[in-house]
Amino acid sequence: MGSLPHVVEDCFGLLKLYSDGSISRNPEIPCATPLLNDDSVLYKDLLFDAKQNLHLRLYKPSTSPTKLPILFYFHGGGFCFGSRTFPDFHNLSIRLAAAFNMLVIAPDHRLAPENRLPAATDDACLALKWLQEQAMHGNNDKMDTWLTGVDFDRVFVLGDSSGGNLAHHLAVRFKAGSIELAPVRVRGYVLLAPFFGGSVRTKSEEERPCEAFWNLEMYDRFWRLSIPAGSTLDHPLVNPFGPCSQSLAEVPLDPFLVVVGGGEILRDRLVDYARRLKHLGKKIEFLEFEGEQHGFFTDNPFSEVAEKVIQHIRDFILENSN
């Protein structure tokens, strides 16, 4: 008689991968964050991919001009967790819609390890393609009523952690001007502590492998669960400047805003990421908030430091809207 399957990866007891390849998930994700239900912002869910049963959530200010610009929000979760329904991500979407007076689109994506990368990247691309399909319907009955009169020419993409990784790859895929998405036009990308990795450790990864909650071993586990089987941390979806990654020298890119906490494990990797993009002549603004740790904006979107992040993002959107 063979031995019973044993756990080979365990994420917080909520996600377990077994030796026979089977996976178990706790359907109830514990979260102490109360759901924000602010009447100043309305929201509703739509199906954007029937094949994969993927939904997105639209958020719009209850009183707003008819020509609302659009902000895509891609959540974090190490590619293994997360949904538009998670309280932290839902609350942040409400915060963004109210702060910027924009229509916020928060798509879900398939999760690893059931669906390893590039599944999440493909789903993110499909979400933007969904918006393009809506825009091409004009004002006929195939367009969702909440999209009637929005400004498809002023679209921004914001990604948090693993969502920031997705935002990078969307920028590379659709390039400056996002001609492939016409009449939708993406004007810029905001990356909040994008989740990248690499086989060579950075100084901050070696010297500061633990934050108050996150640690390097957790990050490595997320990568083991999410990258294609047999891949390394230099896979192009993990390390955008790795030995196997596409050269970005000749790739035209829309403007970037990269935000990182000075106390993050990822800090030095993101400093290097921004430096390399700037060296290639890309338009990139890099903001570091001293002492802050991973998730500082998402976890506390109404804090004093979060308000500073909001103002920088607002300035970035205004600067790149014309």
Would you please test Lys308 and Gln311 for side-chain contact (heavy atoms from CB on, under 4.5 Å) and show each step? CA-CA 5 Å; Lys308 294 178 182 178; Gln311 187 56 55; 5.7 Å; no
Between Glu207 and Arg201, is a salt bridge (Lys or Arg N to Asp or Glu O under 4.0 Å) present by the stated rule, with each step listed? CA-CA 10 Å; Glu207 296 182 355; Arg201 299 297 198 194; over 6 Å; no
Please step through side-chain contact (heavy atoms from CB on, under 4.5 Å) for the pair Phe286 and Tyr273, ending with a clear verdict. CA-CA 10 Å; Phe286 181 82; Tyr273 168 79; over 6 Å; no
Set out, in order, the CA-CA distance, both residues' side-chain angles and the distance that settles side-chain contact (heavy atoms from CB on, under 4.5 Å) for Val259 and His312, then state yes or no. CA-CA 10 Å; Val259 179; His312 281 290; over 6 Å; no
Decide yes or no on side-chain contact (heavy atoms from CB on, under 4.5 Å) for His279 and Arg276, but give the supporting numbers first. CA-CA 5 Å; His279 179 73; Arg276 287 172 181 263; 5.5 Å; no
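Leu58 approaches Trp146 most closely through the heavy-atom pair O-CZ3, 3.5 Å. Residues Glu292 and Phe296 approach most closely at OE1-CB, 3.4 Å, considering heavy atoms. What you find for His294 and Asp299 is that their closest heavy atoms are O-OD2, 4.2 Å. The two residues Pro194 and Leu270 make their nearest non-hydrogen contact at O-CD2, 3.4 Å. Minimum interatomic distance between Cys11 and Leu225 (heavy atoms only, all atoms of both residues): SG-CD1, 3.5 Å. Gln134 and Asp144 make their closest contact through OE1-N, 2.9 Å (heavy atoms, listed as atom of the first residue, atom of the second, distance).
Side chains of Ile310 and Leu96 form a contact here, defined as non-hydrogen atoms less than 4.5 Å apart. Inter-residue side-chain proximity for Phe241 and Phe196 is flagged as unmet; no heavy-atom pair is nearer than 4.5 Å. At least one side-chain heavy atom of Leu287 sits under 4.5 Å from a side-chain heavy atom of Leu257. Under the 4.5 Å side-chain criterion, counting only non-hydrogen atoms from C-beta, Val157 is not in contact with Val190. The shortest side-chain heavy-atom distance between Leu253 and Tyr189 does not fall under the 4.5 Å cut-off. In this structure the side chain of Trp130 never reaches within 4.5 angstrom of the side chain of Leu54, judged on heavy atoms. Proximity of Trp223 to Val238: side-chain heavy atoms (C-beta onward) are separated by under 4.5 Å at one or more points. Side-chain contact between Tyr43 and Ser93: absent, with no pair of heavy atoms (C-beta onward) separated by less than 4.5 Å.
Cluster membership check: Leu36 shares its hydrophobic cluster with Met102, using side-chain heavy-atom separations under 4.5 Å among Ile, Leu, Val, Met, Phe, Trp and Tyr. Val7 and Ile23 fall into different hydrophobic clusters, where Ile, Leu, Val, Met, Phe, Trp and Tyr residues are linked whenever their side-chain heavy atoms come under 4.5 Å apart, directly or through other members. Grouping the Ile, Leu, Val, Met, Phe, Trp and Tyr side chains by contacts below 4.5 angstrom, directly or via other members, places Met136 apart from Ile179. Cluster membership check: Leu17 shares its hydrophobic cluster with Phe12, using side-chain heavy-atom separations under 4.5 Å among Ile, Leu, Val, Met, Phe, Trp and Tyr. One hydrophobic cluster, built from ILVMFWY side chains closer than 4.5 Å, cannot hold both Val104 and Leu47; they sit in different ones.
Under the 3.5 Å distance criterion, the side-chain polar atoms of Asp108 are left unmatched by any main-chain donor or acceptor of Ser83. A distance-only check finds no donor-acceptor pair linking the side chain of Ser62 to the backbone of Leu42 [under 3.5 Å]. Arg110 places no side-chain N or O within donor-acceptor distance of the main-chain N or O of Asn115, the cut-off being under 3.5 Å. A donor-acceptor pair under 3.5 Å links the side-chain atoms of Asp268 to the main chain of Ser204, judged by distance alone. Under the 3.5 Å distance criterion, the side-chain polar atoms of Arg314 are matched with a main-chain donor or acceptor of Ala99. With hydrogens and angles ignored, the 3.5 Å screen pairs no side-chain donor or acceptor of Ser226 with any backbone N or O of Arg116. The main-chain N or O of Phe302 is never found under 3.5 Å from a side-chain atom of Asn300 such that the two would form a donor-acceptor pair. Of the possible donor and acceptor atoms, none in the side chain of Ser161 sits under 3.5 Å from a partner among the backbone N and O of Gly295. A donor-acceptor contact shorter than 3.5 Å links the side chain of Lys282 to the backbone of Leu248. Within the 3.5 Å criterion, the main-chain N or O of Asp234 finds no donor-acceptor partner in the side chain of Ser199.
No hydrogens or angles considered: a donor-acceptor pair under 3.5 Å links the side chains of Ser22 and Asp20. Asp88 and Thr33 are linked by a side-chain donor-acceptor pair at a separation below 3.5 angstrom, with hydrogens and angles left out of the test. His90 and Arg57 form a side-chain donor-acceptor contact under 3.5 Å, judged by distance and modelled atom types alone.
We find that Asp272 and Arg275 are joined by a salt bridge, their nearest charged nitrogen and carboxylate oxygen being less than 4.0 Å apart. A salt bridge does not link Glu290 to Arg267: none of the charged nitrogens lies less than 4.0 Å from a carboxylate oxygen. A salt bridge is absent between Glu180 and Lys175; no separation between the charged side-chain nitrogens and carboxylate oxygens falls under 4.0 Å.
Under the 30°/60° scheme for interplanar angles, the aromatic rings of Phe156 and Phe316 are found to stand perpendicular.
Considering CD of Glu205 and CZ of Arg269, their distance stands at 4.0 Å, rounded to 0.5 Å. Taking CG from Asn101 and NZ from Lys60, the interatomic distance works out to 11.5 Å, rounded to the nearest 0.5 Å. The line from CG of Asp122 to NZ of Lys129 is 12.5 Å long, rounded to the nearest 0.5 Å. If you take NE2 on His75 and CG on Leu192, they are separated by 14.0 Å, rounding to the nearest 0.5 Å. Expressed to the nearest 0.5 Å, how far CD of Glu288 lies from CD of Glu264 amounts to 9.0 Å. Residue Leu158 holds its CG atom at 8.0 Å from CD1 of Ile317, rounded to the nearest 0.5 Å.
Aromatic rings from Phe195 and Tyr219 are positioned such that their centres are separated by under 6.0 Å.
Stacking of Arg25 on the aromatic ring of Phe81 is recorded, both the 6.0 Å distance cut-off and the 45° axial limit being met.
Around the NZ atom of Lys203, the shell of radius 6.0 Å holds no more than 12 heavy atoms that belong to other residues, nucleotides or ligands. Annotation for Glu250: atom CD does not count as buried by contact number, only 12 or fewer foreign heavy atoms lying within 6.0 Å.
Each of Asp254, Asp151, Asp153 was compared with Arg187 under the salt bridge (Lys or Arg N to Asp or Glu O under 4.0 Å) criterion, and only Asp153 meets it. Between Phe72 and the options Leu166, Val155, Leu103, a side-chain contact (heavy atoms from CB on, under 4.5 Å) holds for only Val155.
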